[in-house]
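Report on the structure given below.
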Amino acid sequence: MQYDELSEESLHKAFGTAAAGVTLRVLDCVDSTNNEAKRMALDGTPTPAVIVAAEQTAGRGRMGRSFFSPADTGVYFSFLFRSESPAAALSLTGKAAVAVMRAIRRLTGKQAMIKWVNDLYFNGKKICGILTEALTVPGEPTAIIVGIGINLVTEDFPKELEAKAGSLGSAPERAALVAAVFSELQAMQQDEHEWLDDYRAASCVLGRPISWVTAGEVKHGRAFEINERGELSVLSEEGQTETLRTGEISVFLE
Ligand code: BTN
């Protein structure tokens, strides 16, 4: 089902004056927009660059998983930046989650929740995943790729995803949504910490029972704080505190 126009023209229109100096690319179908961004980084494409696809044949998720990306029911896109500081990728991941949450709220009025580190949930199901990757190009600053997939009206998930994956249930224009996420993310460069308030407020993890893995051992406890670096402090059932920097947690939504 195609419900809007996704083209380089519609993307330019949605970006408006913000398109100045930004490389914009729209593809009907691609293996993965993150892969395309990597190819563009290696080709020396000027940055920032935005790559949007209506469909991915080999969409990738974190931990080597795939990301279900059927044609025209969601939006799949990557931002390519170059940075002198590879560490910038760490905070970009959390910032991107807040940028998506704000953009969705702006365009649809819906409030998605953030599951640390950077999954977005709506009505108890995952509607958005973010995959941040860094690539070193000889003689150039580090290329940082922020890949975002949002299920807008996707319905027929593969069996193994059915219990966990869902959709926003709204169909904002995809070009407008990508432009809104990009502008929210760019606005965050002005203030290194402002995003954290929304990151905490939209968290569906803080105060909840969770489980995580430390040194190969599954632990159970509660998440109680997100610190200034976006790290998650947890208290185990055994009474030990730990600070998780990245990785994956399971949350029990009561
Ligand atoms: C996850 O949920 O583990 C992360 C999923 C990230 C999916 C997006 S879709 C656009 C970009 N291209 C990819 O291949 N992956 C990201």
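For ligands, and for the atoms within them, numbers begin at 1 and follow the listed sequence. Nothing here was measured: the structure is a model prediction, and the numbers come from that model. Numbers for residues simply follow the sequence, beginning at 1.
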Do [X] and [Y] sit within salt-bridge range, that is, some charged N less than 4.0 Å from a carboxylate O?
X      : Y      : value
Glu228 : Arg200 : yes
Arg25  : Glu8   : no
Asp198 : Lys95  : no
Asp31  : Arg39  : yes
Glu55  : Arg174 : no
Arg65  : Glu248 : yes
Arg222 : Glu237 : no

Heavy atom of Gly59 under 4.0 Å from ligand 1?
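Contact present.
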Tell me: protein heavy atom nearest [atom], and distance?
atom                    : result
atom 2 (O) of ligand 1  : Lys126 NZ, 2.5 Å
atom 10 (C) of ligand 1 : Thr33 OG1, 3.2 Å
atom 5 (C) of ligand 1  : Phe67 CD1, 3.4 Å

Interfacing atoms of ligand 1 (cut-off 4.0 Å, heavy-atom, [X]):
X      : answer
Phe77  : 10 (C)
Gly147 : 8 (C), 11 (C), 16 (C)
Gly61  : 1 (C), 3 (O), 4 (C), 5 (C)

For atom 13 (C) of ligand 1, tell me which residue out of Arg62, Gln56, Glu36 has the closest non-hydrogen atom.
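Nearest heavy atom to atom 13 (C) of ligand 1 lies in Gln56.
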Tell me which one of Arg60, Glu133, Met63, Glu248 gets a heavy atom nearest to atom 14 (O) of ligand 1.
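Ranked by closest heavy atom to atom 14 (O) of ligand 1, first place is Arg60.
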Proximity of Asn35 to ligand 1 by residue part, where a heavy atom lies under 4.0 Å
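The answer is neither; Asn35 stays 4.0 Å or more away.
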For ligand 1 and Ser32, I'd like to know whether there is a polar contact (N/O to N/O, distance under 3.5 Å).
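Right, the criterion is met.
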Suppose clustering is done on Ile, Leu, Val, Met, Phe, Trp and Tyr with side-chain heavy atoms closer than 4.5 Å. Which residues sit in the same group as Val218?
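In the cluster with Val218 are Val213.
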